[in-house]
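Worksheet: one structure, shown below.
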Amino acid sequence: MQVTDQRLVRESACTIVDKLQTGEVTPLDLLDILEKRIAEVDDKVNALPILCFDRARKHAKALMQKPAAERGLLAGMPVPIKDLFNVEGVLNTQGSPIFKDTVATRSDIVVTHLETNGGVVYAKSNTPEFGAGANTFNEVFGATLNPWDTSRSAAGSSGGAAVALATGMAWLAHGTDMGGSLRNPASFCGIVGMRPSIGRVAHTPSAMIDRNLTVHGPMARNVEDLALLLDAMSGEYAADPLSLPAPTTSFLSATRSGRKPKRIAYSPDLGITPVDPQIRAVTRKAAERFAEAGAIVEEAHPDLSEAHECFHVLRAFDFAVTKAALLRTKRDLLKPEVIWNIEEGLKLTVEQIERAEAQRVAMTARTLEFFGTYDLLLAPATIVAPFPIENRYVAECDGKKFDNYVQWLGIVYAITLACCPALSLPCGFTASGLPVGLQVVAPPRGEAQLLAGARVLEDILGVRGTTPIDPRAPR
């Protein structure tokens, strides 16, 4: 019997996978449910502009020919892929007019791995052009709107994925993060997004073998579901020399362990950025509730004072290495922020790169020493509440004007530079009812303790189950 109960969009991913494994639902049932949900709500938010249900159903039918035990961890769970990465036979625009008609001939490693582990790709999620910028809009598909208030930004660059989760068009979603691209949209949309450690999720190398500012990671509506997807994404691949073996104990088991952190550091600003007073208040209140689990909570942070200079240089270098050829041949089709990023990279000196790499090494060493005292570091995941969609980026905060379009992201990119895994956990709402995310950070390769601690706080805060929602018009 076909199952098409739309109430299933509100179930957790772990519950759905259990139903898949017992045969209570099939991957085809889930695809039917999602196709109907997308038809009902996506025209209001524009999260999943590329659909590939024919391909998904073909893959689902192949999976259903296998015994349940051989269908992988996700057992046929549908997953959207960010529109920066190749899914064989599917459009991959990268949010750019340059590639608006490009169809991938081969899937990237992260897609192949997910499909091998029982994921079924049914859609591509919207992203800014080349993932540049923390507001999801592009010239190919337009803007993705925040479902809590459709006049507001969903952040980025994994904005489409976050909105799909928040509106019930996905149970799990793939994203990537350089300067907060998993954490920012998670914060703005009231879901959970995680930047794992370097190498935790294998990827297809491009431009540089050791390119590591950007990582792939999971997005979900709660911490357990996030851990499930991280388990499905993790694993070693020879084609990615930086990739790590999957852990012997699953991340989902670690999340459910009940392990409580003993000493927590909270910082409202990491010592490097202005923060909206309302965001400070909401995140501080949430962090202090760790005391209910018996943890000592203190205000502290590692020295990350070089973060702005370091990130500016290393990000610019990354853009020069990966996009300089497009600047030479397709300049008229690139958005101004991408042109600026590439040009900043092309004028770098070796001395600037040397200095930035040394700064990153120093910040990482100081952060590791910091985690000798503290189990977790907490901070705001974004420094402002969701802003009006017509603003390309945040130009100022709490009276401080920023030098460029990415500087407002310092509170997340500082953690990127220190090589730490981090996630954004829903922790409350502004006075106008917009979500606020708390950034939870652990030492490098500390995903297990990160997830366990986040789950403890999630239970204390009682925020689980606030999504999915139907898109809401401006108030």
Please check this pair: side chain of Ser158 against backbone of Ala161, looking for a donor-acceptor N/O pair closer than 3.5 Å. no

Within 45 degrees of the axis of the six-membered ring of Phe137 and under 6.0 Å from its centre: does Lys335 put its NZ or CZ there? yes

Please determine whether the number of non-hydrogen atoms from other residues, nucleotides or ligands lying under 6.0 Å from atom CZ of Arg445 exceeds 12. no

Checking side-chain contact (heavy atoms from CB on, under 4.5 Å) for the pair Met219/Val192: CA distance, chi angles, key distance, verdict? CA-CA 6 Å; Met219 305 180 80; Val192 191; over 6 Å; no

Checking side-chain polar atoms at under 3.5 Å, does His301 have a donor or acceptor matched by the opposite partner on Tyr266? no

Test salt bridge (charged side-chain N to carboxylate O under 4.0 Å, His left out) on Asp398 and Arg280; report intermediate values, then the result. CA-CA 11 Å; Asp398 200 24; Arg280 285 176 179 259; 5.2 Å; no

Could you tell me whether a side-chain N or O of Glu224 sits under 3.5 Å from a main-chain N or O of Cys14, the two making a donor and an acceptor? no

Please name all residues satisfying salt bridge (Lys or Arg N to Asp or Glu O under 4.0 Å) with Arg200, sequence neighbours left out, ordered by chain then number. Glu447

Would you check if the distance from the ring center of His312 to the ring center of Trp340 is below 6.0 Å? yes

Give a yes or no on whether the ring-centroid distance for Tyr413 and Trp408 is below 6.0 angstrom. no

Centroid separation under 6.0 Å, is that true for the rings of Phe85 and His216? yes

Any side-chain donor near an acceptor of the partner, Thr382 and Ser187, under 3.5 Å: yes

Between Pro388 and Arg152, is any pair of side-chain heavy atoms under 4.5 Å apart? yes

Qualifying residue for side chain to side chain contact (heavy atoms under 4.5 Å, CB included) with Lys100, from Leu333, Leu91, Val140: Val140

Please identify which of these residues, Thr127, Asp83, Asn126, meets the side chain to side chain donor-acceptor pair (under 3.5 Å) condition with Asn138. Asn126

Are Pro196 and Met233 side-chain neighbours, meaning at least one heavy-atom pair lies under 4.5 Å? no

Report yes if the side chains of Cys420 and Pro444 come closer than 4.5 Å at any heavy-atom pair, otherwise no. yes

So, do Leu114 and Leu74 sit near enough that their side-chain heavy atoms are less than 4.5 Å apart? yes

Examine the side chains of Thr416 and Arg183 and answer whether a donor and an acceptor come within less than 3.5 Å of each other. yes

Decide yes or no for Leu378 and Thr283: does some side-chain heavy atom of the first lie under 4.5 Å from some side-chain heavy atom of the second? no

Distance-only polar pair, side chains of Thr367 and Thr364, donor-acceptor under 3.5 Å: no

Is Phe188 close to Leu434 at the side-chain level, that is, under 4.5 Å between some pair of heavy atoms? no

Backbone of Ile339 reached by a side-chain donor or acceptor of Arg331 within 3.5 Å: no

Pair Glu298-Tyr374, side-chain donor/acceptor within less than 3.5 Å: yes

Do we see a donor-acceptor contact under 3.5 Å between the side chains of Gln359 and Glu309? yes

Would you say Thr176 and Lys82 make side-chain contact, with heavy atoms under 4.5 Å? yes

Taking atom types as modelled and ignoring hydrogens, do the side chains of Asn341 and Tyr405 form a donor-acceptor contact shorter than 3.5 angstrom? yes

Distance only, no hydrogens: is a donor on one side chain within 3.5 Å (strictly under) of an acceptor on the other, for Asp225 and Asn222? yes

Looking at Glu139, I'd like to know if its CD atom is crowded, meaning that more than 12 non-hydrogen atoms belonging to other residues, nucleotides or ligands lie closer than 6.0 Å. no

